Amino acid sequence: PVTLRPTRKQVHKQVRKQVRRHARKQARKQARKQARKRARKRARKQASARKGGQTSGYAGSTSPTRQRNSSPARSGTIVVSPKGSDSGTRHASRCRAIESLLRGSP
């Protein structure tokens, strides 16, 4: 069987079709990449808003790092258990003020 080679016009038409297909594919890929970037940015913004606008790390850093979550209400507290029963945590300054009021001394 004799196989005919495509004409120059047919070759150019096929090449243009491949180029257009490749350009569309690249455009879709770029659009997906930008959408992912916007989604990450939106997620970082929402996380920052939930944390109260605190961003950790160095100034100008693009990737936020997580801070250690320590409860400010429990920092500097003492556990007082009168008569062996645990009454929970209380601030030391408040305990001293209440104890001094109960004793009658300022």
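Quick caveat, the model's predicted, so the values are computed rather than measured. Along the sequence shown, the residues carry numbers beginning at 1. Because only heavy atoms are used, hydrogens play no part in the values below, and waters and symmetry mates are left out as well, while side chains stay in.
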- Qualifying residues under side-chain contact (heavy atoms from CB on, under 4.5 Å), relative to V19, sequence neighbours excluded: V15
- Note on the structure: Those residues at least two apart in sequence (or on a different chain) that pass side-chain contact (heavy atoms from CB on, under 4.5 Å) with Q10 are P6, T7
- Not counting sequence neighbours, which residues clear side-chain contact (heavy atoms from CB on, under 4.5 Å) with K17? List them please. R20, R21
- Item | With sequence neighbours excluded, residues passing side-chain contact (heavy atoms from CB on, under 4.5 Å) with R5 | none
Listing, residues 23-32 side-chain donor-acceptor contacts under 3.5 Å, not counting sequence neighbours, or none:
none

